[in-house]
Amino acid sequence: MPLDIAIVGAGAAGLATAIFARRLDRTARVRLLDGARRPGAKILVSGGSRCNVTNVEVTEGDFHGGSRAAIRQVLRALPVAQTVQFFADLGVPLHEESNGKLFPDSNRSRDVLEALLAACAQLGVERLDDCRVHALSHEPGQFALDTSRGLIHASQVVLATGGQSLPKSGSDGTGYALARALGHHIVPPVPALVPLLLDAEGRLPHAALSGVSHDAEIAVWVDGRVTTRVQGSLLWTHFGLSGPAALDVSRHWTRAVQEGRAVALTLSVYPGLTFEAADTHLMALVAARPRATLQTVLAHDLPAALVTMVLQALQLDAAMPARTLTRDGRNRLAHALAEWTLPVVGSRGYNYAEVTAGGVALPEVNAKTMESRLCPGLFLVGEVLDVDGRLGGFNFQWAWASAATAARGLTTKGDR
Ligand SMILES: Cc1cc2nc3c(=O)[nH]c(=O)nc-3n(C[C@H](O)[C@H](O)[C@H](O)COP(=O)(O)OP(=O)(O)OC[C@H]3O[C@@H](n4cnc5c(N)ncnc54)[C@H](O)[C@@H]3O)c2cc1C
């Protein structure tokens, strides 16, 4: 007997699709196939093993990739309040933390995964773990899935195979090949929410800053003009940059490089201040403590190690009384603090990326149902699509919302 619905990938999006679909139609035979022996690896590692399930406020502006209108439509299928209720009903109440991030009260990602798996079992979703789908073909009326556990037929198929980030979790990009075989186009994938590597020979020897974090604004310059500014906390590491500001900006850098554009990142340690405002701020700092050393004055609101590095790089004497700083020196200092070019030479790649930017082109999917416009009966959900969210629970919200949307499309009887 062919299945009604075969879901390829039992990650966040696949598990949620199975639950929503069976809730809408208890007669549909639904089977989850996953290449991993234990599904849900990414849920387990997410949010530092605490799983940032969603965010109190989610709009299309929190995402990149496919069109804003299509993303908005999908997000509307499952507003955040319903996500919160969905998890509360599964026995996983959520609480709010900084920047609107919602975590399980237990602070255990394992509880999120176990609740989803338990709901699948309770709803009679069939599961086939350790079942890798190698090829997918479409014949009139049904799909044939060539898997590591034999041939499987289904009248509808959901691709929930994720992107390429953390490939050891099982999401290694094979979903793109499956979609391509059925006529879909793939927006070239690049690592996103990924730490950035700095040139060790750069003017700012970053290794000495390892472990230092501070508020920052990073500007992305593409072909000579600023295309994006990201604010947040920046963490210096032995290899380069991490922390929310670096992770959020990374997809812009990797995308520009992939497109062969001239790209540069500049750092401001005074987020939101222009060069002129940074200069005025420096003057105020000096005026407040004219006898203090330059190092002390700057360390008033910046990490001391960062101040030391910047002064060294500018060849300014850290021990000089601040009031003796020349106009030219102050100018160079304000410039360095408001617009320091970061010598980024690469990213840490998919092994360290939280998500993949790029994927199946969104216009090829009906945003009301997640059904392919090119291959009727094929549905696509989650990260396999060309949609990537910023840090803060947005990527999971995309998984839940696209799953809810797909479930409606899958269970519309006329389509089966
Ligand atoms: C370290 C880390 C931390 C993260 N933290 C957060 C966070 O706190 N909040 C947040 O919102 N997002 C977070 N993310 C991102 C989030 O985990 C993903 O966006 C989300 O899991 C995507 O869900 P998905 O179901 O689309 O894909 P995935 O979770 O990648 O699941 C895809 C599944 O498909 C299976 N599969 C793939 N190909 C095949 C095949 N050919 N045959 C059979 N099975 C296949 C894989 O084994 C996998 O189980 C984090 C990601 C990482 C890597």
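In what follows, residues are counted from 1 in the order of the sequence shown. In each ligand, atom 1 is the first atom listed, and ligand 1 is the first ligand listed.
Contacts with ligand 1 closer than 4.0 Å are made by heavy atoms of both the backbone and the side chain of A13. Residue-level proximity to ligand 1 for N52 is carried by backbone and side chain together, each with a heavy atom below 4.0 angstrom. Neither the backbone nor the side chain of S165 comes within contact range of ligand 1; no heavy atom lies under 4.0 Å.
Few gaps surround CD on E139; more than 12 heavy atoms of other groups in view lie less than 6.0 Å from it. Residue-environment remark: NE2 (H185) stays at or below the threshold of 12 foreign heavy atoms within 6.0 Å.
The two atoms that bring A219 and V226 nearest to each other are CB-CG1, 4.2 Å, heavy atoms only. Summarising the geometry of F379 relative to T369, their closest heavy-atom pair is CD2-O, 3.3 Å, with the distance given to 0.1 Å. What you find for L159 and V384 is that their closest heavy atoms are O-CG1, 3.7 Å.
At a 3.5 angstrom cut-off on N or O pairs, Q397 does not count as close to ligand 1. Inclusion of K42 in the set of residues having an N or O under 3.5 Å from an N or O of ligand 1 is warranted. Between L166 and ligand 1, not a single N/O pair is under 3.5 Å apart. Considering backbone and side-chain atoms alike, V45 places every N or O at 3.5 Å or more from each N or O of ligand 1.
Close approach of ligand 1 to G393 (heavy-atom distance below 4.0 Å) involves ligand atoms 9 (N), 10 (C), 11 (O). Of all atoms in ligand 1, numbered sequentially from 1 with element shown, those under 4.0 Å from a heavy atom of S46 are 3 (C), 4 (C), 5 (N), 6 (C), 7 (C), 8 (O). Taking a cut-off of under 4.0 Å to the non-hydrogen atoms of G9, the atoms of ligand 1 that pass are 33 (C), 34 (O), 35 (C). Remark: ligand 1 atoms within the under-4.0 Å shell around heavy atoms of V355 are 15 (C), 19 (O). Close contacts of ligand 1 with A160, meaning ligand atoms under 4.0 Å from a residue heavy atom, involve 32 (C), 33 (C), 34 (O). Distances below 4.0 Å separate heavy atoms of G382 from the following atoms of ligand 1: 26 (O). Every atom of ligand 1 with a heavy atom of A353 under 4.0 Å away is listed here by number and element: 53 (C). For ligand 1, the atoms sitting less than 4.0 Å from at least one non-hydrogen atom of S169 are 47 (O), numbered in the order shown with element in parentheses.
At the top of the distance list for atom 43 (C) of ligand 1, counting protein heavy atoms only, stands G35 N, 3.2 Å. In terms of protein heavy-atom proximity, atom 5 (N) of ligand 1 is nearest to G47 N, 3.1 Å. Of the protein's non-hydrogen atoms, the one nearest atom 18 (C) of ligand 1 is E383 OE1, 3.0 Å. When hydrogens are left out, the protein atom nearest atom 51 (C) of ligand 1 is E354 O, 3.1 Å; that is the closest non-hydrogen contact. Nearest protein heavy-atom contact of atom 30 (O) of ligand 1 is S171 OG, 2.6 Å. Protein heavy atom in closest approach to atom 42 (N) of ligand 1: V133 N, 2.9 Å. When only non-hydrogen protein atoms are considered, atom 35 (C) of ligand 1 lies nearest to D34 OD2, 3.3 Å. In this structure, the protein non-hydrogen atom closest to atom 27 (O) of ligand 1 is G162 CA, 3.3 Å.
Judged by distance alone, the side chains of D146 and H134 never bring a donor and an acceptor atom under 3.5 Å apart. Remark: the T266 side chain and the W221 side chain contain an N/O donor-acceptor pair separated by less than 3.5 Å. Counting only N and O atoms by type, the side chains of Q258 and R255 include a donor and acceptor under 3.5 Å apart.
Using a 4.5 Å heavy-atom threshold, the side chains of V263 and H252 count as separate. Side chains of R23 and F86 form a contact here, defined as non-hydrogen atoms less than 4.5 Å apart.
Side-chain N or O atoms of E371 include one that pairs as donor or acceptor with a backbone N or O of G377 at under 3.5 Å.
Between R149 and D130 no salt bridge is recorded (no basic side-chain N to carboxylate O distance below 4.0 Å). Salt bridge status for D172 with R132: present, with a side-chain N to carboxylate O gap under 4.0 Å. Looking at R72 and E60, a side-chain N of the basic residue comes within less than 4.0 Å of a carboxylate O on the acidic one, giving a salt bridge.
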Steps toward side chain to side chain contact (heavy atoms under 4.5 Å, CB included) verdict (L32, C120): CA-CA 9 Å; L32 269 167; C120 283; 4.0 Å; yes
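The closest approach between a heavy atom of A41 and any atom of ligand 1 is not below 4.0 Å.
Considering only non-hydrogen atoms, atom 12 (N) of ligand 1 lies nearest to F396 out of F103, Y350, F396, F394.
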